[in-house]
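Working notes, structure below.
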There are 2 protein chains.
Amino acid sequence: MNLPPRDAARDAAPDATPGARTSRGEESRQKIVDAALALFREKGYEDTTMRAVAERAGVALGNAYYYFQSKEHLLQAYYARSHEAHLERVKPILARERTLEGRLKGLLTAKIEGEEPYHRFAGLLFKSAADPESPLNPFSPESSATRQAATALFGEVLAGAKLRLPQDLKARLPQLLWLFEMSVILFWIHDRSPGRARTHALIEHATSLVVRLISLASNPFLAPLRKKALRLLDAISVAGP
Amino acid sequence: MNLPPRDAARDAAPDATPGARTSRGEESRQKIVDAALALFREKGYEDTTMRAVAERAGVALGNAYYYFQSKEHLLQAYYARSHEAHLERVKPILARERTLEGRLKGLLTAKIEGEEPYHRFAGLLFKSAADPESPLNPFSPESSATRQAATALFGEVLAGAKLRLPQDLKARLPQLLWLFEMSVILFWIHDRSPGRARTHALIEHATSLVVRLISLASNPFLAPLRKKALRLLDAISVAGP
DNA sequence: CCCTCCAGTTGAACACGTTCAACTAGCCCC
DNA sequence: GGGGCTAGTTGAACGTGTTCAACTGGAGGG
């Protein structure tokens, strides 16, 4: 899932919560984030109260709301952290794998394994992300920067693979692969099988299927169908209205 | 695609809210549902309070919780009712349209037009869809009746269309079409264009594309790829009775 | 006729997320 | 040094969803 980085979200929102302008302020903000993430991990999101966060951070209840519009917004801090970790994990994989299939599988596997410790509240993140009203929602204008960053990563996945693609498809594929990743994550969130065996099976089979579909779509014989599909994407602009 | 099953332990909802056992009770339950749906439509979900629901229903606050475990559970009543209304709207369409494309387009258009009054809070459906803990989640056991009804409807859509399909594909297609419908609804939820023009465009283009993909998948020439895709579904599906 | 029983009903009470008017502390300008 | 100015801070107060112990009404048995 791809949520906007903290700073971008704050700058885009009209009534955004202020960033700290003071070293004292920055310290408070940090203490609040640290307290929140620790409590989320210890007790889960629902059982963590804002009062408990404020108490552990050593600030007043209202102070947390000076830096974070809502409890939900505290999750953004977690997301920012986890996305950076994901980039780090993916870097060596992309350096090693040279086939599209290997690169995709590596990326997706790294994603779900990196998120594994947070499986129980990753669902909550996705929940906010699916709400059209929420600024955390990946289809929102506020998130466009992050969305582009995420699709750019898939652009890199494609660029490093030995692959010949029609130009029109190549332009749209990163967005489509991002949607694929989102689907895998949605599946993973619901997956309760031991070791997330089902999600691993999904990645294994679906990735290889996706790669075959891509090469099928590249077949000149099927160009009309491909054009039709791409026209659909143009008409609705894949990221959503 | 099927999502993984939930824990059997939780499935056995031990403290399920009782159905009414009395005519007086049935009346109360009905008044509460009516009040809730009216208020949801008038003010949206968030701005509807349980106190307002109880007041309009003419019962005490606590009484609503005798029949519904939570505010969220009131939404299930909406889903059930909306599906019934959908069936009524779809009936004449399926009686008239004889091509798969016409039947699908008719069904999807009826869906989003029927849901239009509830657009502003329909986003909650997907919030719940993303939350594995929620009983409203369409993949949950509590929703299995609705889910099966929905896939059964797509079975009817297929049965009434003049179409030759490989048997293996035919068996899985209703589920796949249901996922297609869910995707359209997800798009619609985020659609803020006037008259939902974008969603109508999506239905127009995507349906015709889906129909072509189905006939492509039926091509004996592509049987290996089709088998591979169906094996994927088998691998991640629940082994049902 | 009264007693028992229990589905149904009640609203006060609770804990929570969130808001807000008032306060504090450090910095800058005169 | 004093007088603002404002980022930062405070906790009481509000409205919410939810819980619960107490109550009610009417059906059925004696």
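Sequence lines set the chain letters: A, B, ... in the order given, protein chains first and strands last, and positions in each chain run from 1. Keep in mind that what you see is a predicted model, and the values were worked out from it rather than measured.
By the 6.0 Å and 45° rule, A/K31 does not stack over the aromatic ring of A/Y67. B/K71 forms a cation-pi arrangement with B/Y45, by the criterion of a distance under 6.0 Å to the ring centre and an angle within 45° of the ring axis. Both the sub-6.0 Å distance and the 45° axial angle are satisfied by A/R29 relative to the ring of A/F68.
Atom CZ in A/R29 sits about 14 Å away from atom C1' in D/dA7, given to the nearest Å. The distance from atom CG of B/D47 to atom P of D/dG15 is 14 Å, rounded to the nearest whole Å. Summarising the geometry, the separation between NZ on A/K31 and P on D/dG8 is reported as 13 Å, rounded to the nearest angstrom. Regarding A/L61, its CG atom lies at a distance of 9 Å from the P atom of C/dG17, rounded to whole Å. The interatomic distance linking B/E72 (CD) with D/dT16 (C1') rounds to 15 Å, in whole Å. Remark: C1' of D/dT19 and CZ of B/F68 are 18 Å apart, rounded to the nearest angstrom. When the C1' atom of D/dT19 is taken as reference, atom NE2 of B/H73 falls 16 Å away, rounded to whole Å. When rounded to the nearest whole Å, the span between NZ of B/K71 and P of C/dC16 equals 19 Å.
On a pure distance criterion of 3.5 Å, no polar donor-acceptor pair joins the side chain of B/R51 and the base of D/dG15.
Between A/Y66 and the phosphate of D/dG8, there is a side-chain N or O to OP1/OP2 separation shorter than 4.0 Å. When the side-chain nitrogen and oxygen atoms of B/T49 are compared with OP1 and OP2 of D/dG15, none of them lie within a distance under 4.0 Å. The side chain of A/Y67 contributes an N or O atom lying less than 4.0 Å from OP1 or OP2 of D/dT9. Phosphate contact (OP1/OP2 of C/dT19, side-chain N/O of A/Y65, threshold under 4.0 Å): absent.
Note that the NE2 atom of A/H200 and the CD atom of A/E113 stand 4.0 Å from one another [nearest 0.5 Å].
The backbone N or O of A/E156 lies less than 3.5 Å from a partner atom in the side chain of A/R103, making a donor-acceptor pair. Proximity of a side-chain donor or acceptor of A/H119 to a complementary backbone N or O of A/W188 within less than 3.5 Å is detected. The backbone N or O of B/P174 lies less than 3.5 Å from no partner atom in the side chain of B/T151, so there is not a single donor-acceptor pair.
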For nucleotides 21-26 of chain C, 5' to 3', base contacts (B), sugar-phosphate-only contacts (S) and non-contacts (-) with protein non-hydrogen atoms under 4.0 Å give ------

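Take the nearest nucleotide of DNA chain C for A/N63 and for A/T48: the residue whose nucleotide is more 5' is A/T48.
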